Amino acid sequence: MRRNKRRQTFEQVEVVDAGAKGKSVGKAPDGRVIFLSNAVPGDVVDVMTTKKRKAYFEGVATNFHQRSAKRTDPQCEHFGVCGGCKWQNMAYKHQLFYKQKEVENNLQRIGGVELPDTMPILGSEKQYFYRNKMEFSFSSSRWLTEQEIKSEEEILDRNALGFHIPGMWDKILDINKCHLQEDPSNAIRTAIRQFAVENGLSFFNPRAQEGLLRTLMLRTSSIGEVMVLLQFFEDNKEQRELLLNFLMEKFPEITSLLYVINQKPNDTIYDQDVVCFSGRDHIFEEMEGLKFKINAKSFYQTNSEQAYELYKVTRDFAGLTGKELVYDLYTGTGTIAQFVSKKAKKVIGVESVPEAIEDAKNNALGNDISNVEFYVGDMKNVFTTEFIEQHGRPDVIITDPPRDGMHKQVVEQLLQVATQRIVYVSCNSATQARDLALLDEKYQVIKVQPVDMFPQTHHVENVVLLEKRV
């Protein structure tokens, strides 16, 4: 059946809510929901639809009759085009309100379980410049802004170093200044772009699969260390070293200068050899005296300061006295495992990514932590009755799964183990709610604490404490 692609216009629509994926919500005259990408709750707007589905519309606000008191001026000149930081036009206190509301709605509607009062969301002290990792793409055919197109002037410089336009894999918006990562991030990125143009270094063309410069990754840490990784498509030693030597001289504060030569169709580096050109092949992050070694392929929470708050909530919910055996499921690089280890008898971490477990072991060794053990494998295959018989029945289980939540077999194993306490950390309260409904057979939700890791976006983390029913 063909979908009706005809666009419709609705007038005087009141925007009443902020919904999933950062969209705002209004109501069409027939009662159907309209998801809007450029409005704020409290706006009254005219809407032109872009998609029509059985239960809802998608659209854009074309005319504003009333602007919401919840609005604020976006700080970034690229807002509305870049696709990131979609809530910059909403004051931060209102962002927190809608994040908390989303968590509560998901747990109530999807989970359908008995809940305590949700604790007020923990906001981020930094609302901008909070990320410790950013990735940018090069393009020889950049996205032209509306102003450039209307100017009818000939555009000579089509090179870009920035972000993908949403939904367009081959279009890159050139970024002048990004408000997500502290300097020297912007300084390094703009210097690379300028040097490449001045020295005739070619920018990547994803359609033709040609060009020297492909991607740039920048990592910073709270102790002032900086990692720069340039991904090259063409293997041109002379041009590559020209740029890398320039960076060494221009930015002596770079701790780790790395490169990859990647001639695959995609940009992922996890199956690529990373070459250390200068300095170390890693940087360090610190938290409560613990040092974490981070290499180019390591996973680490991208908001270091809020990660500390998240981990403190997790440790507090675990209620450790020093006598407990703790299982840390989906342990990643073992950050939470090591963070709680000084208050536990022993911590066992399980993770499916071998490189992450290698990092976890090395970090534990570097931190002189002897009461942690790490195991690698698919969670549903590792976290079994045999594994528990071998390593001991846990007193507390911490689980921090990916966005898809826990595999059904993992939930079933949790029910079978029936440990006294589970701390469930989630970046997706919808899948968390689904899992809580399954655990409701034996567990009661005791505490709920949302944590905002990503200001100016709709994303929110949530920590839930479950205790075994009496």
Side-chain angles (χ1 to χ4, degrees), residues 96-97 99-123 306-331 335-337 339-350 379 383 388 392-401 403 405-406 408 410-453 460-470:
L96 294 177
F97 171 83
K99 292 185 186 200
Q100 175 125 8
K101 184 178 178 182
E102 178 185 313
V103 168
E104 292 174 350
N105 285 346
N106 282 338
L107 295 191
Q108 289 166 1
R109 294 177 183 177
I110 300 172
V113 298
E114 184 182 349
L115 295 171
D117 289 338
T118 304
M119 289 185 278
I121 186 170
L122 289 178
Q306 277 300 90
Y308 181 41
E309 300 303 319
L310 182 76
Y311 295 163
K312 284 194 290 186
V313 171
T314 302
R315 185 173 61 191
D316 177 60
F317 279 16
L320 303 176
T321 65
K323 300 177 181 179
E324 293 83 6
L325 172 61
V326 179
Y327 279 19
D328 182 26
L329 309 184
Y330 310 94
T331 191
T335 316
I336 290 178
F339 190 77
V340 304
S341 64
K342 60 185 175 184
K343 291 197 172 184
K345 181 180 179 181
K346 186 176 182 180
V347 184
I348 292 174
V350 183
M379 191 64 60
F383 182 54
I388 292 160
R393 183 177 178 275
D395 301 295
V396 178
I397 293 177
I398 298 170
T399 181
D400 185 7
R403 290 193 64 80
M406 295 187 289
K408 192 175 181 180
V410 177
V411 177
E412 289 171 354
Q413 185 62 43
L414 287 173
L415 289 169
Q416 186 174 331
V417 175
T419 190
Q420 180 61 36
R421 190 177 298 119
I422 297 173
V423 182
Y424 190 153
V425 184
S426 174
C427 59
N428 184 349
S429 58
T431 55
Q432 183 184 45
R434 178 204 66 203
D435 293 344
L436 294 181
L438 296 172
L439 291 166
D440 189 55
E441 175 187 331
K442 288 188 178 180
Y443 287 92
Q444 181 178 0
V445 176
I446 304 299
K447 293 180 181 179
V448 178
Q449 177 65 74
V451 181
D452 183 26
M453 303 283 284
V460 58
E461 298 264 339
N462 191 45
V463 189
V464 170
L465 170 63
L466 301 107
E467 289 186 355
K468 191 169 68 172
R469 295 184 185 277
V470 179

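Please read these numbers as outputs of a predicted model, since none were measured by experiment.
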Would you check if [X] and [Y] make a side-chain contact, meaning some heavy-atom pair closer than 4.5 Å?
| X | Y | result |
| --- | --- | --- |
| Val464 | Ser426 | no |
| Gln420 | Asp395 | no |
| Ile397 | Phe383 | yes |
| Leu325 | Lys345 | no |
| Val113 | Tyr443 | no |

Donor-acceptor check, side chain of [X] to backbone of [Y], threshold 3.5 angstrom: yes or no?
| X | Y | answer |
| --- | --- | --- |
| Gln449 | Pro120 | yes |
| Arg393 | Ala418 | yes |
| Lys442 | Leu415 | yes |

Query raised in the report: Should we say atom NZ of Lys468 is surrounded by more than 12 heavy atoms from elsewhere, each under 6.0 Å from it?
Result: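 It does: Lys468 NZ has more than 12 such atoms within range.
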**Report entry** Residue pair Met406, Leu438: steps toward the side-chain contact (heavy atoms from CB on, under 4.5 Å) verdict
**Finding:** CA-CA 11 Å; Met406 295 187 289; Leu438 296 172; over 6 Å; no
Under the side-chain contact (heavy atoms from CB on, under 4.5 Å) rule, collect the residues that match up with [X], sequence neighbours excluded.
| X | value |
| --- | --- |
| Tyr308 | Met287, Glu288, Lys312, Phe339 |
| Leu465 | Phe317, Arg421, Val423, Ile446, Lys447, Glu467 |
| Leu96 | Tyr92, Ile121, Asp452 |
| Ala337 | Asp328, Thr331, Val347, Phe374 |

For [X] versus [Y], what's the shortest heavy-atom pair and its separation?
| X | Y | value |
| --- | --- | --- |
| Gly111 | Ala437 | O-CB, 3.3 Å |
| Gly322 | Glu324 | N-OE1, 3.2 Å |
| Ile388 | Pro394 | CG2-CD, 4.3 Å |
| Ile110 | Ala433 | CB-CB, 3.8 Å |

Query raised in the report: Do you see a donor-acceptor pair shorter than 3.5 Å between the side chains of Gln100 and Glu104?
Result: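 There is such a pair (donor and acceptor under 3.5 Å, judged by atom type) between the side chains of Gln100 and Glu104.
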Query raised in the report: Of all residues at least two apart in sequence or in a different chain, which pass the ring-ring contact (aromatic ring centres under 6.0 Å, His included) check with Tyr330?
Result: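 Tyr330 satisfies ring-ring contact (aromatic ring centres under 6.0 Å, His included) with no residue once adjacent residues are dropped.
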Requested in this report: With Leu329 as reference, evaluate Ile348, Leu414, Ile398, Ile422 under the side-chain contact (heavy atoms from CB on, under 4.5 Å) test and give the passing residue.
Outcome: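 The single option meeting the side-chain contact (heavy atoms from CB on, under 4.5 Å) with Leu329 is Leu414.
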Query raised in the report: Please, which pairs that meet side chain to side chain donor-acceptor pair (under 3.5 Å) have at least one residue in residues 427-441, sequence neighbours excluded?
Result: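 Matches after skipping sequence neighbours: Asn106-Ser429, Tyr424-Asp435, Gln432-Asn462, Asp440-Arg469.
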[X] side, atom [atom1]; [Y] side, atom [atom2] - distance, nearest 0.5 Å:
| X | Y | atom1 | atom2 | value |
| --- | --- | --- | --- | --- |
| Leu439 | Glu412 | CG | CD | 10.5 Å |
| Glu102 | Phe97 | CD | CZ | 12.5 Å |
| Asp400 | Ile336 | CG | CD1 | 4.5 Å |

Report task. With side-chain contact (heavy atoms from CB on, under 4.5 Å) as the test, would you mind laying out the steps for Thr399 and Val410 before giving the verdict? Result -> CA-CA 10 Å; Thr399 181; Val410 177; 5.8 Å; no
